[in-house]
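Every chain is numbered from 1, with letters handed out A, B, ... down the list of sequences.
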Amino acid sequence: MDLVIVIQAGVASGTVLLFATLGELFTERSGVLNLGLEGMMLIGAMSAFSVTVATGNPWLGLVVAMLAAGLISLIHGFITITLQSDQVVSGLSVSFLGTGLSLVLGEGLSKAGTISLLPKFTIPLISQVPILGDIFFTNQSVMVYIGYLLVPLSWYYINRTRPGMHLRAVGEFPAAADALGINVYAQRYFYTFVGGIMCGLAGGTISLAISPGWFSELTTAGQGWIAVGLVIFSQWDPYRAMLGAYTFGALRRLILDIQGPTMLLGFSNPFYYNPYYGFFLQMLPYAFTIIVLVLGSREAMRKRMGAPAALGLPYIRGQRGL
Amino acid sequence: MARKVNTEVENVVSMRGIVKRFPGVLANDHVDFDLRHGEIHALLGENGAGKSTLMNILAGLYRQESGVVEVSGKPVNFSSPRDAINAGIGMIHQHFMLVPSQSVTENILLGLDEPRFNLRLDKYDRIIAEMGERFGLHVDPKAKVWQLSVGEQQRIEILKMLYRGANILIMDEPTAVLAPQEIDELFHTLRVMLDQGKSIIFISHKLHEIMEIADRVTVMRRGVVTAQGVPIEGMSRADLARLMVGREVIFSLEKKPQQPGEVSLSVTDVFAMNDKGLPALKGVSLNVRAGEIVGLAGVAGNGQRELADVITGMRKTTGGSVCIGCDDLTNRGPKDGIRRGVSHIPEDRHHVGTAPNLSITDNVIMKKYNQAPIAKGWIINQVKADEFAQGLRQAYDILAPTVKTPVRLLSGGNLQRVILAREISQNPTLMVAVQPTRGLDVGAIEGVQRLLLAQRENGAAILLVSEELEELLALSDRIYVIYEGEIMGEVTDGDIESIGLMMTGTRQDQIAKYMATEKGDAA
Ligand SMILES: Nc1ncnc2c1ncn2[C@@H]1O[C@H](COP(=O)(O)OP(=O)(O)OP(=O)(O)O)[C@@H](O)[C@H]1O
Ligand SMILES: [Mg+2]
C-alpha cells in the first residue's frame, strides 16, 4: 500500500466533496440551509452520465448536470425564500425528490457500457516536485485542477469583493442589507442556485471522472450528507473546506485500501478482508457527519464557530420585534 | 442654546396631513410636520404616540395612507429606503442596522454601487477615516462592528448616512443606549453637522436633552400633533412634559423613610462567564433586604446583565452562592426562583422579557398559567386569562387594540408595561429590575418609579440596575458600584463624586487617597 497513491486518489475523490461543500458554503453564507445535496448530486451524476451516453460529449453532460441540479435547488429556493417555509423540511424533501427522480430516470443506465470520460493529464514541471507533484499534479482529472482554482477564487470572492460583501451581509443581518437597498430575496435565490449548480458539478465529476458510471444511489453513497457536515467543519471557509474534503477523500480511499495487504507496518493486518472491521471502517465518515451535525446544530457552538447569524431563518420585511 | 435660526429659510421637509393606520390603531392622524434648513427639530411624545411611524414614512420604510411629503419644496413618493436616501434623507433607527461580523468600512459601503467589484478596502478605509475626522466621528475603519461599543456603533450609523450624502438626518432615540459621556460626544457631532449644512430630526424622551440641543420641538400625543414647531427658547421642562402627557408631571418622588427588614437576597463571592465565555463576574458579593431598593450603578457591560441572570437563575455561576430568603438557590434555574417570588425585568425586552409572537394575554399569564383560576387542572381557562389580562391592561395603561394583539406590534414603552404588569402582579419578594425605564416617556417613567416605590413599601426587596444616576439616586436606599465584574464599593449617602470615581474603576478604599493627591496637586 503506497501512501502517495492513497492520497492522490483521495484528492481525486475529495474533489467531489469539495464541489458540493463549496456550493453549500455559498448557499449557507446567504442564510439558506439546503440539506438536499445528496439528491441534487444524484441528479447531476445521472444526467451527466445519460447525456454523455447519448451524445458522446462529456462536457455537454457536465453542463446539463449543473443546470439540472440548479433547477432542483430553485424548488428549494421557492419553498424557503418566497413561501418562507421551514428550510430543514424543504431540504429533506428536495433530497428525496432528487434521489427518486434520478433513480427513475436513470433506470437501465447502469448497463450503458463505456463512455468517453473527462480528460486526465499531468501538469509539466510542477509534477516533478517530489511527493507533492506526484500527489496533486500527476495524472489527475481536469476536474481536480478546477477544484484547485475554485478554492482561492471562492475565498477571494467572499472576502474581497463587493458581491461577496453583500452575500455575507444577507446571511448575517438581512434587515440591515434590505434597509440599504440590497435585494435579499434575489441574493438568496442566486446563491441557492449556485449551490445547486455546484452539486451538479460534483455529481457529474463522479459519473464522468472519478468513479465513472451509474450505480443508482450508490453513485454518491451518502457523500451529499458528508458535504453538509463538512460545511460546518469548514466554519464556512473555502480553504478549510478544501482541507476537510481532501482528508475525507483520502480517508475513504484508505478504508478501501487498508483491507488489501496481508501485512501492515510489519504486523499481520487485522483488517485483511475482515468484513466486520470493513463495515465498521466504512461507517466512520458517516458517524463523523452525524457528530458534526449534532454539534453544529447547538446554538452556542454555532455562534462560536461563526455560522452566518441568519442561517435557516426566512426573511420577512418590516417584521417588528426581530 | 444660542444659535440663530433664520425664520425665513425654506423648509427642507414638509409633511402635511399624514395618516397611517395599523390594524386597530391610528398611529398618525393628520400629522403636520416641517423641518427647516440647518435646525435641530425635536420630536417628542409618549410611548406609542406615533413618532417612529411618522419618521419611517419619511425614510421610505412605510407608506402613508394619505397626506403629502415634500422635500425641498418638491413632492416625493418613496417606495423604499433607497428612494429616501437618494433624496438625501437618512434615518438612524432605534435598533442599529449593522452587520456585526463586518468591518466598519464594509458596513458603510454596503449596498452602494462603488466599488464595483474589488473592494480595495485600504482605499476606502482612508476615505472613511478622513470623513470621520471631518465630522468629529472617530472610528477605526478596520475594526469589526461586534468589537465596538454602542456609542461607536452609532457613529458608524451616522457615517453611513453621511457617506450617502444625506442632508437630513433622522435620529430615533439616539441617546437611549448611550452613556452620559457618549451623549456629550454625540451632541458635539450634531453641532458639527449643523455647521456643515445638515438638518436634523431628533427623537428623545429625555426632556433635558431636548432643552439642550434642539431649536424647535413638535409634540405628539396618541397620533395627533399637540404642538407644532414651537421654539424651545422660553420653554421649561414642565411645559414640555405637560404638552406631551396632557397633565402636570411631578418630577420629585416621595420616598417614605422605612426600616428595612430581613436580608432577602445575598450574593456571596459569585463568579460567572459572559456569552463569549470570558469572565464577567469576578467575586461579586452584595445583599438586599426586604423593603429596600438597592441600586447597582456602572457603565453598561461591566457585568450587570450577567449578575441579574445569575440571581434569577438564568446563568450558571462558576463559583460562589446566591441565597434568596434562607434558601440556597445557586444554579437552580429560574423556576425555583419564581416559586420563591423572584421577579425579573430583563434588559432585553424582545427576547428575554416577552415572547414576541404571543398575545398580551399569553405574555402576562406566563408566571401564572399553572395557578387557579387561570389553570383548571391541565387546561388553561382562556376566559379567566383574558379577564386577567384585561385587568392589567387597564391598571397599567397598556396601549393596544386588544389583549389578543401579539406583543411584537406594541411600541417600546407599551412592551415594557406588559413586562412590568406581569412581574409586579405576582407580588414579588425580590425584584431584579434591569434598566426598567429605558426608552420610556416621562409620564411612563414616573409611573414605573412609583410602582417600584410601592413595591418597596409592600416589603419587596428590589435590586435596581440602571445607568441613569439620577434615577438611582432618587429611588435607592443604597447604591453598589460595579466595574469590570467587581463591586468597587457601596454608597449610602448619594455621594455622586465617589460613584463616578468607582464607575471608572477606583476602589472605595482608594478614593480617600485619590482625593488627597488631587488636593496636593491643586496646592
Ligand atoms: N408595524 C406595525 N404593526 C402594527 N402596529 C404598529 C406597527 N408599528 C407601530 N405600530 C403601532 O402604532 C403606534 C405608534 O407606534 P410608534 O412606534 O410610532 O410609537 P413611538 O411614538 O415611536 O413610541 P416609542 O416612544 O415607544 O418608540 C403604536 O400603538 C404601535 O403599537
Ligand atoms: Mg419609537
Side-chain angles (χ1 to χ4, degrees), chain A residues 25 28-31 84 86 152-187 235-237 298-311 313-322, chain B residues 22 52 56 59-63 80-86 90-93 95-103 105-121 124 145-146 157 160-161 164 275-277 349-351 354-357 406-412 415:
Chain A
L25 195 150
E28 291 194 10
R29 279 285 187 140
S30 78
Q84 298 164 344
D86 189 275
L153 285 179
S154 300
W155 186 91
Y156 187 85
Y157 180 87
I158 292 172
N159 293 299
R160 290 282 181 272
T161 72
R162 186 178 74 113
M165 175 174 80
H166 289 181
L167 161 65
R168 281 179 284 133
V170 166
E172 288 288 337
F173 195 173
D178 190 29
L180 294 175
I182 298 171
N183 188 335
V184 176
Y185 300 116
Q187 294 271 324
Q235 305 187 350
W236 296 268
D237 174 78
R298 281 188 50 203
E299 189 69 29
M301 195 69 165
R302 276 167 53 157
K303 260 191 205 141
R304 205 165 309 158
M305 295 201 313
L311 179 59
L313 305 174
Y315 177 65
I316 305 165
R317 181 188 250 177
Q319 179 76 286
R320 217 179 147 133
L322 272 174
Chain B
F22 287 114
S52 299
N56 279 330
L61 235 77
Y62 293 162
R63 278 216 175 174
S80 79
R82 201 166 193 163
D83 295 344
I85 290 170
N86 290 342
M91 177 153 173
I92 289 139
H93 293 268
H95 308 281
F96 295 150
M97 297 282 203
L98 295 169
V99 183
S101 58
Q102 296 191 345
S103 77
T105 303
E106 286 180 308
N107 265 285
I108 291 173
L109 295 180
L110 218 52
L112 295 174
D113 296 332
E114 285 289 323
R116 284 246 38 107
F117 188 76
N118 282 321
L119 277 180
R120 283 170 306 172
L121 283 178
Y124 288 94
V145 166
W146 62 266
E157 285 281 24
K160 205 155 95 179
M161 291 309 151
R164 284 162 173 72
D275 292 340
K276 295 204 182 95
R349 291 168 200 171
H350 294 290
H351 298 107
T354 55
N357 287 324
V407 294
R408 73 182 149 83
L409 298 179
L410 301 185
S411 82
L415 192 65

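For N86(B), no part lies near chain A; criterion is any non-hydrogen pair under 4.5 Å. Residue contact with chain B, scored on non-hydrogen atoms closer than 4.5 Å, is absent for N183(A). For chain A, no part of D83(B) is nearby; none of its heavy atoms comes within less than 4.5 Å.
With values rounded to the nearest 0.5 angstrom, E106(B) atom CD is found 10.0 Å from H166(A) atom NE2. Of the inter-residue distances, the one linking R168(A) atom CZ with Q102(B) atom CD reads 4.5 Å to the nearest 0.5 angstrom.
Put simply, of L112(B), L121(B), N107(B), the one with the most heavy-atom pairs under 4.5 Å next to chain A is L112(B). Of all the listed residues (V99(B), N56(B), L110(B), L61(B)), the one sharing the greatest number of non-hydrogen pairs under 4.5 Å with chain A is L110(B).
For the pair M165(A)/L119(B), a side-chain contact is recorded, criterion being any heavy-atom separation below 4.5 Å from C-beta on. Taking 4.5 Å as the limit, some side-chain heavy atom of R164(B) sits within range of a side-chain heavy atom of L180(A).
Nearest heavy atoms, R116(B) versus P163(A): O-CD, 4.4 Å. Nearest approach of A179(A) to P81(B), heavy atoms of both residues: O-CB, 3.4 Å.
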* Are D178(A) and M97(B) close enough, and set up right, to give a side chain to side chain contact (heavy atoms under 4.5 Å, CB included), and what steps lead you there? -> CA-CA 10 Å; D178(A) 190 29; M97(B) 297 282 203; over 6 Å; no

